[in-house]
2 protein chains.
Amino acid sequence: MGASETRQQIVDVADRLFYERGFEATSFADIARDAGLSRGNFYYHFKTKDEILAAVIGGRVEKTRAILEAWARNADSPADRIRSFVHILITNRTRIMAHGCPVGTLCNELAKLDHAAKEDAARLFSLFRDWLARQFAMLGREADADALALHLLMRSQGVAVLATAFRDEAFIYREVSDMEAWLQTQCPATSLSRSRQSV
Amino acid sequence: MGASETRQQIVDVADRLFYERGFEATSFADIARDAGLSRGNFYYHFKTKDEILAAVIGGRVEKTRAILEAWARNADSPADRIRSFVHILITNRTRIMAHGCPVGTLCNELAKLDHAAKEDAARLFSLFRDWLARQFAMLGREADADALALHLLMRSQGVAVLATAFRDEAFIYREVSDMEAWLQTQCPATSLSRSRQSV
DNA sequence: CCAGAATTAGGACAAATGTCCTACAGCGCG
DNA sequence: CGCGCTGTAGGACATTTGTCCTAATTCTGG
């Protein structure tokens, strides 16, 4: 077994457990067990828990970049791209209702721990923020593109938190529709923006 | 020293630490040290960590009830009462940027731990939800009062998450203004609703 | 002032934690 | 073959965790 494959598997398992249970609540033993490794072997690949966290965050950054690029490829209009973002709430609704948003909950936890990696985690938000701002700028909203991006990010985070607390699927669908309606009001002049309006 | 005072002090310290560091990351020893008690004395008052959590949540429920009643007393119009809710984002902005919303982050953590008390924590949200819904109903929105309440709760949670991640005070003020503007559009017929419009 | 209850201090305890070490298995290369 | 390197296993280590016990102290009613 190559070292890089084992390493990748550790990161994958840690990524999942950090999301499902949280960073603090996940132990070395948990990751080793789920990955089918001894704790000693584990140490060969990662010296500290913070090293794993850094690898997990790094992996999420890459995955996020790939997703954003895919959305940009598969949607022609900026409005449709923004809708792709909004729709992850529906695509991932089951996992969100169980464990919240992977980015938001990690940032919250690292902020409370005052962990050194909290800024790195927040950079995951920045990826979405900058990408969304670019889409809004393309819609002619250069002046307030960043504010609009933050607003949409804010909404999706709020939906994730309440969806977790109340486990209410209908609420998610309702708020996603509301976000799409809001999107319409923000870029009314764009002809392409009505191509995929409803849920 | 009476037992009830000591008990109350334990709950106060635990409440603060659960908020600032999180439930899992706070140990018996942490609470005992900050409260100036021995771990043995601690055990006299609370047998398990879950008992403290239950007491902390119970205390927060009472404090929340008191706050909601105070808002109802001090504001004559439902619109002003709702604005009182929106403004906690500004009042508590420093603590929110450091540790997030006390309710949202606790619900998220307990959901991840699949803790037995997660529904009790979510009941804190329900207090705000029902109270807000009553205000919207008084504004003549009986039909969708609960949806409007959830929407506002969603926004405040989203603001809290992003404010923590980015530590952006201006963002909070901007979104609070936006919420107030939204409020105006939701109850345009009410004359009292313009009595305290801006931040 | 004193018996008994209420409250506190100071550990004991096993289990789990993050970290680290040593020994061994499998492999390619001389 | 045998040397050395990479990867793995298994456990040692001190510390901390939640939980629990016992002995001392403080308080209170008679």
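Quick caveat, the model's predicted, so the values are computed rather than measured. Just so we're on the same page: letters track the sequence lines, and every chain starts at 1.
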If only side-chain N and O atoms of A/N41 are considered, is one of them under 4.0 Å from the OP1 or OP2 phosphate oxygen of D/dA9? yes
Whole-Å distance, B/F42 CZ to C/dA12 P, equals 20 Å
Can you tell me the distance, in whole Å, between the CD1 atom of B/I52 and the P atom of D/dT19? 8 Å
Choosing from C/dT19, C/dA9, D/dG10, which nucleotide comes nearest the side chain of B/L37? C/dA9
B/W71 and B/F128 aromatic ring geometry - parallel, tilted or perpendicular at 30°/60° bounds: tilted
Does A/Y44 put a side-chain nitrogen or oxygen below 4.0 Å from OP1 or OP2 of D/dG7? yes
So, does B/T6 get its side chain near the phosphate of C/dT8, meaning an N or O under 4.0 Å from OP1 or OP2? yes
Could you check whether B/D114 pairs with B/K118 (Lys NZ or Arg NE/NH1/NH2 to Asp/Glu carboxylate O, under 4.0 Å)? yes
Ring of B/F18, cation from B/R60 - is the NZ or CZ under 6.0 Å from the centre and inside 45° of the axis? no
In this structure, how many angstroms lie between the C1' atom of D/dT8 and the CD1 atom of A/I31, rounded? 18 Å
Would you call A/D144 and B/R174 a salt bridge, taking side-chain N to carboxylate O under 4.0 Å as the test? no
Rounded to whole angstroms, how far apart are CZ on A/R33 and P on C/dA16? 10 Å
Please state whether the phosphate of D/dT17, meaning OP1 or OP2, lies under 4.0 angstrom from any side-chain nitrogen or oxygen of B/S27. yes
Between C1' on C/dG18 and CD on A/E51, what's the gap in Å once rounded to a whole number? 13 Å
Are A/Y43 and C/dT19 close enough that a side-chain N or O sits under 4.0 Å from OP1 or OP2? no
What does A/T26 touch in the nucleic acid at a heavy-atom separation under 4.0 angstrom: a base, only the sugar-phosphate, or nothing? sugar-phosphate
Per nearest nucleotide of DNA chain C, the residue lying toward the 5' end, B/R39 or A/K47, is B/R39
